[in-house]
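Working notes for the structure below.
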Amino acid sequence: MQSYKDLEIYQIAHKSAVELHRVTLEDLPRFEMYEERSQIRQSSKSICVNIAEGFGRKKYQQDYVKFLVYAHASCNETIEHLDLLFETKSLKDKDKYQYFIEQYDKLGRKLNVFINKVQEG
């Protein structure tokens with residue numbers, strides 16, 4: 001691996017964060033601008049940022065794992081924000097909700113596998 005951008009987990013996280021950013025611009029009510037909209041953007045972007053930062057510390061296994069765990073926690077946070085937005089009816093499009101839940105669920109599983117591989121050495 002030459003770059004964190006070569007990692008499948010990074011590619012999924014980055015693509016999902018960009019897509020989710022666009023959806024929050026188009027589909028959420030204005031009053032969510034400073035509440036859930038901001039929170040979900042931060043958590044989704046935090047996933048790819050932590051993968052990138054961890055990759056930069058891959059020489060130090062504990063640091064690498066720590067940032068991957070942060071990425072996984074942000075993935076869980078993003079799923080929770082999606083659930084909250086959908087259940088409060090701020091995000092009304094069920095297809096978009098399902099799409100993002102599936103993307104972040106898949107990403108969370110892949111992050112778990114990747115964390116285990118890094119820990120094994």
Side-chain angles (χ1 to χ4, degrees):
M1 287 279 145
Q2 296 294 334
S3 168
Y4 63 89
K5 291 183 178 186
D6 297 326
L7 297 171
E8 182 185 18
I9 55 172
Y10 170 81
Q11 293 167 3
I12 294 168
H14 183 85
K15 178 181 180 272
S16 297
V18 170
E19 290 176 342
L20 192 57
H21 182 93
R22 288 184 183 135
V23 164
T24 61
L25 285 174
E26 300 163 1
D27 291 5
L28 295 184
R30 188 165 178 81
F31 71 85
E32 288 290 9
M33 185 181 307
Y34 300 108
E35 293 182 26
E36 286 296 318
R37 180 184 293 175
S38 173
Q39 293 292 321
I40 198 168
R41 284 180 181 174
Q42 288 175 2
S43 65
S44 68
K45 292 173 183 177
S46 177
I47 303 166
C48 45
V49 168
N50 277 301
I51 293 168
E53 187 166 356
F55 190 89
R57 299 168 187 252
K58 71 180 179 176
K59 183 175 178 180
Y60 306 100
Q61 184 186 26
Q62 283 184 312
D63 280 354
Y64 195 12
V65 169
K66 177 176 73 173
F67 281 94
L68 291 171
V69 169
Y70 291 160
H72 189 265
S74 292
C75 186
N76 288 340
E77 181 183 353
T78 302
I79 291 169
E80 181 60 19
H81 286 301
L82 283 164
D83 288 342
L84 289 168
L85 285 167
F86 187 70
E87 290 173 26
T88 60
K89 304 203 183 323
S90 288
L91 177 59
K92 295 177 183 180
D93 189 325
K94 187 174 184 175
D95 290 337
K96 287 181 183 178
Y97 166 74
Q98 284 293 101
Y99 170 78
F100 284 112
I101 288 294
E102 289 170 12
Q103 288 298 107
Y104 284 103
D105 183 60
K106 176 175 74 172
L107 178 57
R109 285 185 272 112
K110 288 183 178 289
L111 278 164
N112 267 333
V113 169
F114 194 78
I115 289 167
N116 290 334
K117 285 183 181 179
V118 170
Q119 287 176 322
E120 291 171 2

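Atom set for the values below is all heavy atoms of this structure, side chains included, hydrogens, waters and symmetry mates excluded.
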Could you list all the salt bridge (charged side-chain N to carboxylate O under 4.0 Å, His left out) pairs where at least one residue sits in residues 97-121, not counting sequence neighbours?
->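 Listed once each, the pairs are Glu8-Lys110, Asp105-Arg109.
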
Where at least one partner belongs to residues 82-93, residue pairs that pass salt bridge (charged side-chain N to carboxylate O under 4.0 Å, His left out), sequence neighbours excluded =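 Salt bridge (charged side-chain N to carboxylate O under 4.0 Å, His left out) check on residues 82-93 returns no pairs.
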
For residues 87-106, which residue pairs qualify under ring-ring contact (aromatic ring centres under 6.0 Å, His included), counting only residues two or more places apart or in two chains?
->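 Checked against ring-ring contact (aromatic ring centres under 6.0 Å, His included) - neighbours excluded - the pairs reaching residues 87-106 are Phe86-Tyr97.
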
If you group Ile, Leu, Val, Met, Phe, Trp and Tyr by side-chain heavy-atom gaps below 4.5 Å, do Val49 and Val69 land in one group?
->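 Unlinked, Val49 and Val69 end up in two clusters.
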
Check the hydrophobic clustering (I, L, V, M, F, W, Y; side-chain heavy atoms under 4.5 Å; chains of links allowed) and say if Leu68 and Phe55 are grouped together.
->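 Leu68 and Phe55: one cluster.
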
side-chain hydrogen bond (donor to acceptor under 3.5 Å, both in side chains) pairs, two or more places apart, involving residues 23-32 =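 Checked against side-chain hydrogen bond (donor to acceptor under 3.5 Å, both in side chains) - neighbours excluded - the pairs reaching residues 23-32 are Thr24-Arg41, Asp27-Lys96, Glu32-Ser90.
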
Of all residues at least two apart in sequence or in a different chain, which pass the ring pair (Phe, Tyr, Trp, His ring centres under 6.0 Å) check with [X]?
X      : result
His14  : Tyr10
Phe114 : none
Phe67  : Tyr70

Can you check whether [X] reaches [Y] side chain to side chain, under 4.5 Å on heavy atoms?
X      : Y      : value
Leu111 : Ile51  : yes
Leu82  : Leu20  : yes
Ser16  : Leu107 : no
Leu28  : Glu36  : no

Salt bridge (charged side-chain N to carboxylate O under 4.0 Å, His left out) partners for Glu19, two or more places apart |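 Checked Glu19 against salt bridge (charged side-chain N to carboxylate O under 4.0 Å, His left out); matches are Lys15.
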
Residues that Gln11 engages under side chain to side chain contact (heavy atoms under 4.5 Å, CB included), provided they are two or more places apart |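 None.
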
Got a sec, which residues hit side chain to side chain contact (heavy atoms under 4.5 Å, CB included) with Ser43, two or more places apart in sequence or on another chain?
->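 With sequence neighbours excluded, Ser43 shows a side chain to side chain contact (heavy atoms under 4.5 Å, CB included) to Ile40, Glu77, Thr78, His81, given in chain and number order.
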
Nearest atoms (heavy-atom pairs only) where Ser74 meets Asn50 =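 Residues Ser74 and Asn50, closest heavy atoms: OG-ND2, 4.4 Å.
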
Shortest non-hydrogen contact from Leu85 toward Thr88 |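 Minimum heavy-atom contact is O-OG1, 3.3 Å.
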
Within the side chain of Asn76, is there an N or O that forms a donor-acceptor pair under 3.5 Å with the backbone of Ala73?
->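 Not at all, since once roles are kept as given, no pair shorter than 3.5 Å links the two residues.
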
Counting N and O atoms only, with roles assigned by atom type, does the side chain of Gln103 sit under 3.5 Å from a partner on the main chain of Ile12, one being a donor and the other an acceptor?
->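 The answer is no, because no donor-acceptor pair under 3.5 Å joins these two groups.
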
Who are the side chain to side chain donor-acceptor pair (under 3.5 Å) partners of Ser44, not counting sequence neighbours?
->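 Ser44 satisfies side chain to side chain donor-acceptor pair (under 3.5 Å) with no residue once adjacent residues are dropped.
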
Could you give the distance from OH (Tyr4) to CD1 (Ile9), rounded to the nearest 0.5 Å?
->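 That separation rounds to 13.0 Å.
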
Nearest 0.5 Å, what's the NE2-CZ distance between His21 and Arg37?
->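 Answer rounded to 0.5 Å: 9.0 Å.
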
